[in-house]
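Here the structure is laid out as structure tokens; the discussion comes afterwards.
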Amino acid sequence: MRRIANAGKAAVERLAAIEASLTNLGNEDLLDLADIFRTEPRRVLGDMAFAEMARRNISL
């Protein structure tokens, strides 16, 4: 049980690090990332990039 809990905690920490990395990207880099992941169906990283773009009120 402890191993499963630790794995879950590590996954949450990795996700938080990924979200922080997206937030710290400059607008041009964020747009480049969104362009890479814009195909449908959009993957999770693409969804995160587009959500950050919406927060910043920028678009491709």
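By the criterion of side-chain heavy atoms lying less than 4.5 angstrom apart, applied directly or through intervening Ile, Leu, Val, Met, Phe, Trp or Tyr residues, Met53 is grouped together with Val44 in one hydrophobic cluster.
Taking every heavy atom of both residues into account, Leu33 and Ala49 meet most closely at CD2-CB, 4.2 Å.
Atom CZ of Arg38 sits in a sparse spot, with 12 or fewer heavy atoms from other residues, nucleotides or ligands closer than 6.0 Å.
Using a 4.5 Å cut-off on side-chain heavy atoms (C-beta onward), Leu15 and Met48 make contact. Two residues are said to be in side-chain contact when any heavy atoms from C-beta on lie closer than 4.5 Å; Ile36 and Leu45 fail this criterion. Contact of the Leu60 side chain with the Phe50 side chain is registered, since non-hydrogen atoms from C-beta on lie closer than 4.5 Å.
The NZ atom of Lys9 sits 16.0 Å away from the CD1 atom of Ile4 when rounded to the nearest 0.5 Å. The CD1 atom of Ile58 lies 8.0 Å from the CD atom of Glu28; values are rounded to the nearest 0.5 Å.
Of the possible donor and acceptor atoms, one in the side chain of Arg56 sits under 3.5 Å from a partner among the backbone N and O of Thr23. Side-chain atoms of Asp29 do not come within 3.5 Å of backbone N or O of Leu25 as any donor-acceptor pair.
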